[in-house]
There are 2 protein chains.
Amino acid sequence: MSEPKRPSGKPATINDIARLAEVSKKTVSRVINNSPFVKEDTRRRVEAVIAEHGYSPDPQARGLAFRRSFLVGMIYDNPSPNYVVNMQQGVLDAVRGAGLELVVHPCNRASDRFLDEVRSFIVRQKLFGVILPPSVSEDDRVVQILKAADCPYVRIASVSLDVPECMVVTHDSRGAARAARHLAELGHRRIAFISGPDSFRSSHERGRGFQDGLAEHGLKLDPAYVRKGAYTFESGVEAAAELLALPEPPTAIFAGNDEMAIGVMKAARDAGMDVPGDLSIVGFDDLPMASRVWPNLTTVRLPIRDMGRMAAEKLTAGLHGLDAATMIQPEVDPSLVVRDSTTGPRP
Amino acid sequence: MSEPKRPSGKPATINDIARLAEVSKKTVSRVINNSPFVKEDTRRRVEAVIAEHGYSPDPQARGLAFRRSFLVGMIYDNPSPNYVVNMQQGVLDAVRGAGLELVVHPCNRASDRFLDEVRSFIVRQKLFGVILPPSVSEDDRVVQILKAADCPYVRIASVSLDVPECMVVTHDSRGAARAARHLAELGHRRIAFISGPDSFRSSHERGRGFQDGLAEHGLKLDPAYVRKGAYTFESGVEAAAELLALPEPPTAIFAGNDEMAIGVMKAARDAGMDVPGDLSIVGFDDLPMASRVWPNLTTVRLPIRDMGRMAAEKLTAGLHGLDAATMIQPEVDPSLVVRDSTTGPRP
DNA sequence: GGGGGGACTGACACCGCTGGCCATTCGGGC
DNA sequence: GCCCGAATGGCCAGCGGTGTCAGTCCCCCC
């Protein structure tokens, strides 16, 4: 249906369409850009020709004239392939069909050229918009650059850091609270928590939510049962080894993410403990791994792809004549995925 | 050092540079494009101004004039986040600094609009080049589209499918042969193989290499010990369950990828078998999971990031005045990562 | 001293599209 | 018949670069 009709091999231009539709290229341009001053009749005729010839305007030329590209950037510093790929997919869900493309920009926030690189990327590409997943989303310096470059952006973070139209809040605390309730309801009382590193907001949010959840059941997190991890497998192993060596070891451990939770599993195995018999474990993220390891890990799942889509939709809202601030905002709601790594404590 | 000097906030243009360097914008253009017809003196002067003002030419305008964008596309249909992210990273390793950006284009090869979508992407964006990882790299229809659009591309595949300058060959067969030798040298004789689906070249290559490796030790793959999987966890479980139910079950299983290998582990556990005591298992891919599951999985690792980099370097060779065909070509060499899921068979 | 040629540079059109401004046409209300 | 607004076209400039081509300059050689 949309086979380009020009035998020349080169794609059609706006002039071709104008000639074939017997209108001026100005009117074709009006149609493309949804100008309201086009008769319905004319619009249909032009659109027919466009469709017939599979024409789509050259994004470079258009971008040049608009002083803005049709590229959405995603700037991230996230080592989890699962997170990254799902978020990319979500962004693409929203961005395709809007005629935008996704340019990925992983970066190293620890590098001393980090800001210069990001600035140069943003300024040079005149991005249509930028998606900032954690932890880059938490870096105000990046946001400053974006503002200075007059580049729209959406930040994805566990807690609100900005005006609503620039935020997708993931409410990690709610997910952690669910984990807490789950463990409390199973009857656990000696419950431990392994946090992520301080440099991540999610780390605090997950800890806070977990405490809130426990509090609902009249439980308090004993500081003796809290360890700081680094969101890595090894740090999970280490922290859990310490906890399990306690005179009164916990009967359940909530790890700040799945990597650490699986480290906890290893530590339990090393200590000759049965999971979940001797120790219940809950993670956070629902990595693919979580449903492969044995026992399958109970964990909190974030709808990452949806989050990406929602963020991108805020960016493209303007294209559809919507206002990102007033959009009906589906809330991100972390869910608890109960699998086999949790059960009641031994009597 | 590279702080833009224009208080206006807008980035410098070629005209600004021309004025400041007291040359025509054409000469600035020559400097940017490394034209040999610029006096050394002039070039230095222009470069000084460019550096001083942190100028970099607008990719859109340049692309418009060149009839080519500065975007590298990566078109893939690969469900493994690990693979995708590593390959993206590798491509970026090569592409950054060349002034190119990476546009990601996951797709669904099963969709009936697949080819139209890919065509529209390629034609519209006038891509600088395209990276095709498996399995898209094996689709000749995509390659036809690229050729028709006069768009450079590099295919990454387990076996050569094209002229050398358009190929990065991953030699999966060599990796599989290593796995075979490893098992043979451990003393295994009843060795099973779970293949991937027929639709993947890698599936055949891994099978072929495995047989070759066995043959070096005078062993032959007994068809009774071969099952076809689908590169999924579940298919691994299923195939292994069948194999382990055999009257004389294998003492070692080579799975076509890690997903299936981990499925094999589950099947072994379900069958009450000890890994590696009763059953040795080897996978392929070295997913992050492989070093998290228990026992840690022995597997074959492909240098995915390097592969991405090598592919992108072929694309950018022209920019550096090199010829992709004659480049010194580092070979991809899959390596065997021996972990804890393999040992000798019980006597 | 004049001619020739290579090295270097700049003027100008153009890439494909949008925006501004004005002219033109058409149809309808009064 | 007049006026007005909606719909459209024409034209030109401009986005920020590059290609073409025609110089200009300088040096070398006869």
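Letters go in sequence order (proteins before strands), and every chain restarts at 1. What you see is a predicted model, and the numbers here were worked out from it, not measured in a lab.
- Counting non-hydrogen atoms of neighbouring residues, nucleotides and ligands closer than 6.0 angstrom, the CD atom of Glu22(A) reaches no more than 12 such neighbours.
- Taking Asn34(A) as the reference, nothing meets the side chain to side chain donor-acceptor pair (under 3.5 Å) condition, with sequence neighbours excluded.
- If one axis is set at each end of the helix from dG1(C)-dC30(D) to dC30(C)-dG1(D) from five pairs, those axes are 50° apart, to 10°.
- Salt-bridge formation is detected for the pair Asp162(B)/Arg155(B): a Lys NZ or Arg NE/NH1/NH2 atom is positioned less than 4.0 Å from an Asp or Glu carboxylate oxygen.
- Close to dT9(C), at under 4.0 Å from its OP1 or OP2, lies no side-chain N or O of Ser24(B).
- Distances were taken from every side-chain heavy atom of Arg62(A) (C-beta onward) to each of dT18(C), dC15(D), dG16(D); the shortest belongs to dT18(C).
- Atoms CG and CG, from Asp139(B) and Leu132(B) in turn, are 9.0 Å apart once rounded to the nearest 0.5 Å.
- Taking every side-chain heavy atom of Ala65(A) into account, dT18(C) is the closest of dT18(C), dG16(D), dC15(C).
- Remark: C1' of dC14(C) and CD of Gln60(B) are 18 Å apart, rounded to the nearest angstrom.
- Among the atoms of the strands shown, only primed sugar atoms or phosphate atoms (P, OP1, OP2) are found under 4.0 Å from some heavy atom of Ile14(A).
- Side-chain contact check for Ile75(A) versus Cys107(A): some heavy-atom pair is nearer than 4.5 Å.
- Contacts between residues 32-45 of chain B and DNA chain C, defined by a heavy-atom separation below 4.0 Å, involve Pro36(B), Phe37(B), Val38(B), Lys39(B), Thr42(B), listed by number.
- Atom pair Asp16(A):CG and dC17(C):P shows a separation of 9 Å (rounding to whole Å applied).
- Comparing dG10(C), dC21(C), dG17(D) by their closest approach to the side chain of Thr27(B) singles out dG10(C).
- Atom CG of Leu64(A) is separated from atom C1' of dT18(C) by 10 Å (rounded to the nearest Å).
- Contacts of Tyr55(B) with the nucleic acid, taken as non-hydrogen atoms under 4.0 Å apart, involve only primed sugar atoms and P, OP1 or OP2.
- A donor-acceptor pair is defined here as one N or O able to donate and one able to accept, closer than 3.5 Å; no such pair exists between the side chain of Lys126(A) and the backbone of Pro59(B).
- Contact annotation: side chain of Lys25(A) to base of dG16(C), donor-acceptor pair absent below 3.5 Å.
- In terms of the ring pair (Phe, Tyr, Trp, His ring centres under 6.0 Å) criterion, residue partners of Phe121(A) (sequence neighbours excluded) are, by chain and number, His105(A).
- Put simply, the side chain of Val332(B) does not reach to within 4.5 Å of the side chain of Asp306(B), judged on heavy atoms.
- Counting non-hydrogen atoms of other residues, nucleotides and ligands closer than 6.0 Å to CZ of Arg309(A) gives a total above 12.
- With rounding to whole Å, Asn15(B) atom CG is found 14 Å from dC12(C) atom P.
- Rounded to a whole Å, the CZ atom of Arg68(A) is 16 Å from the C1' atom of dG16(D).
- Listed for the Asn33(B) side chain is no donor-acceptor partner under 3.5 Å among the backbone atoms of Ser35(B).
- Of the residues listed (Val31(A), Val28(A), Ile17(A)), the one engaging Glu47(A) in a side-chain contact (heavy atoms from CB on, under 4.5 Å) is Val31(A), and it is the only one.
- Comparing Asp58(A) and Lys26(B), the nucleotide of DNA chain C nearest to each residue sits closer to the 5' end for Lys26(B).
- Of all nucleotides listed (dC17(C), dT18(D), dG17(D)), dT18(D) comes nearest to the side chain of Phe66(B).
- Contact annotation: Ser29(A) side-chain N/O to dT18(C) OP1/OP2 distance is under 4.0 Å.
- Proximity of Thr13(A) to Asp16(A): side-chain heavy atoms (C-beta onward) are separated by under 4.5 Å at one or more points.
- Remark: Arg119(A) CZ to Gln144(A) CD distance equals 11.0 Å, nearest 0.5 Å.
- Interface residues of residues 120-130 of chain B facing DNA chain D, ordered by number: none; criterion, heavy-atom separation under 4.0 Å.
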Exercise for the section: Going 5' to 3' through nucleotides 22-29 of chain C, assign each nucleotide B (protein heavy atom under 4.0 Å from a base atom), S (under 4.0 Å only from sugar-phosphate atoms) or - (no protein heavy atom that close). Expected result: --------

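- Within the 3.5 Å criterion, the main-chain N or O of Met167(B) finds a donor-acceptor partner in the side chain of Lys314(B).
- Contacts of Val28(B) with the nucleic acid, taken as non-hydrogen atoms under 4.0 Å apart, are absent.
- Phe114(B) has its side chain within reach of Val142(B): a pair of non-hydrogen atoms, C-beta onward, lies under 4.5 Å apart.
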